[in-house]
Amino acid sequence: MTISLSKVNSGLVKVTVIGLGYLGATHAVAMAELGHEVIGIEPDSSKLESLKAGILPFHEPGLDKALTKVLAENRITFQATHDSSSASADLHFICVGTPQTKDSDAADTSYVVAAAKELAAWIKPTAVVAGKSTVPVGTAATLKAAMDEIAGFDVHLAWNPEFLREGTALEDSLRPDRIVVGTWSQHSVDVLKEVYAPILETGTPLLQLDVPTAELVKVAANAFLATKISFINAMAEVAEVSGADAVSLAKAIGYDERIGNKFLRTGIGFGGGCLPKDIRGFVARAEELGVGSAVEFLKDVDAVNLRRRDKVVELASQELGSLTGKKITMLGISFKPDSDDLRDSPALDISRRLNAMGAKVTVHDPVSLSALATRSPELLREENLNEAVRGADLVILGTEWKQYREIDPQTFGSVVATKTIIDGRNVLDVAAWQSAGWRVIALGRNISNG
Ligand code: UDX
């Protein structure tokens with residue numbers, strides 16, 4: 001069946017993007033960049049007002065400029081709830097969050113369920129609903145049943161997971177490796193093909209799958225990436241007691257194309273709003289389905305990852321003895337560079353623990369200090385890098401921001417009390433730091449400090 005779309009202009013589609021967190025805001029701007037007419041829907045008034053004013057509520061390189069541009073071109077508007085204008089859209093993207101539940105490892109799908117039910121009361125029969133949120137396998141089928149009942153017709157629901165990374169989110173959205181669509185209706189695929197046409201024209205593959213597979217693609221991809229990182233961090237544990245060097249090991253195994261050299265950076269491990277909660281949610285869902293043992297290993301992936309944080313706390317204690325009153329400077333607090341996201345950040349976890357053990361932890365980060373003030377006000381914050389390390393008994397590199405890799409160890413050395421640094425991300429030039437008189441400690445490496 002071919003259903004005609006109420007096009008804005010030829011090739012352009014009217015879309016809504018529901019939930020303007022990290023994923024939704026990026027996707028909304030990307031859709032507007034592709035030329036579509038976009039209505040962003042977000043009930044949180046502070047996020048909404050910020051986006052309306054052209055200010056991103058989070059740090060993401062390039063997205064702020066793109067937002068300003070599409071606002072000026074009137075290709076995007078924002079509102080708190082559905083109305084007759086949003087109800088006339090041909091395509092609705094659900095982008096709300098699925099955080100870890102407070103009392104278990106399972107993903108909290110209540111926001112997705114609420115968004116889908118609310119939408120079902122407004123949509124027209126020809127509209128397509130595309131879920132982009134990361135959900136436990138089986139969620140879409142439940143959503144469809146609920147939506148069909150509310151709408152009173154067979155809703156065109158598709159699952160269309162998003163693979164964007166923070167720090168390169170817009171680029172990842174506009175130039176993805178692949179587009180995945182899982183659906184029960186060909187009409188959904190046709191509409192999504194139309195909306196993604198400029199991307200597909202560049203040769204990006206579109207994989208048309210069944211719905212459970214599409215749901216699984218996202219969690220499986222994140223589970224694989226997390227496993228790769230924990231694999232090399234497990235090797236780091238072995239290296240630390242055997243005199244081997246995990247950085248060289250990663251490089252050596254990465255030459256094998258079957259292994260590849262990406263996502264083998266050893267250090268304090270993965271954090272953020274996706275990898276940690278997705279592997280936990282995956283285990284919880286597999287257990288519900290009676291196949292918990294199939295992904296039991298992901299519990300080890302999680303444990304290896306968390307042990308790297310313990311290791312840094314242990315190393316700091318070894319270096320400083322009692323931590324009471326000692327000044328420790330954490331360089332970088334976000335879970336990765338080019339982001340101000342503190343969710344499950346390894347650097348933040350380590351800082352809080354050192355602080356709880358009596359150390360005076362001062363944090364420097366190029367963009368995350370205001371987010372830190374709300375989240376962990378007990379930690380000291382310093383915007384000036386030299387002031388942050390002044391008098392430090394120990395410096396820890398927690399996030400590999402470019403500016404930290406470019407520090408001159410000579411100048412830096414004249415400000416601290418003790419020239420000891422723990423390189424939590426294995427990015428420093430060890431020889432240069434050592435020749436400037438620093439003691440360099442790194443995870444997974446046996447560095448001789450003379
Ligand atoms: C991830 C997925 O990569 C992305 O495809 C998905 O859509 C969302 O989740 P993101 O959370 O933005 O993206 O970050 P990612 O680049 O995957 O890094 C996750 C964490 O792993 C960071 O804390 C990073 O520092 C760490 N990491 C990454 C390592 O410790 N070693 C590596 O080799 C790579």
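Everything numeric here is computed off the predicted structure, so don't read it as measured data. Numbers for residues simply follow the sequence, beginning at 1. For ligands, and for the atoms within them, numbers begin at 1 and follow the listed sequence.
Between Trp433 and Trp438, the ring-plane angle classifies as perpendicular under the 30° and 60° cut-offs.
No donor-acceptor pair under 3.5 Å is formed between the side chain of Ser345 and the backbone N or O of Asp341. Side-chain atoms of Gln434 come within 3.5 Å of backbone N or O of Ser448 as a donor-acceptor pair. His36 contributes a side-chain N or O that, together with a main-chain N or O of Val195, makes up a donor-acceptor pair within less than 3.5 Å.
Near Phe270, meaning under 4.0 Å from one of its heavy atoms, ligand 1 places the atoms 20 (C), 21 (O), 23 (O), 26 (C). Which parts of ligand 1 touch Lys218 is read off a 4.0 Å heavy-atom cut-off, strictly below it: atoms 6 (C), 7 (O). Close contacts between ligand 1 and Glu162 involve ligand atoms 7 (O) [criterion: under 4.0 Å to a heavy atom]. Close approach to Arg165 involves these atoms of ligand 1, each under 4.0 Å from a residue heavy atom: 3 (O), 4 (C), 12 (O), 13 (O). Listed by number with element, the atoms of ligand 1 under 4.0 Å from a non-hydrogen atom of Gly271 are 20 (C), 23 (O). Set against the non-hydrogen atoms of Arg425, the atoms of ligand 1 under 4.0 Å away are 25 (O), 30 (O). Here is the list of ligand 1 atoms found below 4.0 Å of a heavy atom in Leu275: 1 (C), 9 (O), 19 (C).
Of the protein's non-hydrogen atoms, Arg265 O, 3.0 Å is the one closest to atom 31 (N) of ligand 1. Taking atom 2 (C) of ligand 1 as the reference point, the nearest protein heavy-atom neighbour is Asn222 OD1, 3.5 Å. Atom 6 (C) of ligand 1 has Leu164 O, 3.4 Å as its closest protein atom, hydrogens excluded (heavy atom only). Distance from atom 27 (N) of ligand 1 to its nearest protein heavy atom, with residue and atom name: Ile229 CD1, 3.5 Å. In terms of protein heavy-atom proximity, atom 5 (O) of ligand 1 is closest to Phe163 O, 2.9 Å.
Salt bridge status for Arg405 with Glu400: absent, with no side-chain N to carboxylate O gap under 4.0 Å. Between Asp393 and Lys327 there is no salt bridge, since no side-chain nitrogen of the basic residue lies less than 4.0 Å from a carboxylate oxygen of the acidic one. Salt bridge Lys218/Glu162: absent, no basic N to carboxylate O contact under 4.0 Å. Using a cut-off of 4.0 Å between Lys/Arg side-chain N and Asp/Glu carboxylate O, Asp245 and Arg445 are scored as salt-bridged. With salt bridges taken as basic N to acidic carboxylate O contacts below 4.0 Å, one links Arg280 and Asp302.
The proximity of Lys228 to ligand 1, defined as any non-hydrogen pair under 4.0 Å, does not occur for either the backbone or the side chain.
Residue contact check for ligand 1: Gly272 places no non-hydrogen atom closer than 4.0 Å to it. Using 4.0 Å as the threshold, Gly267 has no heavy atom nearer than that to any atom of ligand 1.
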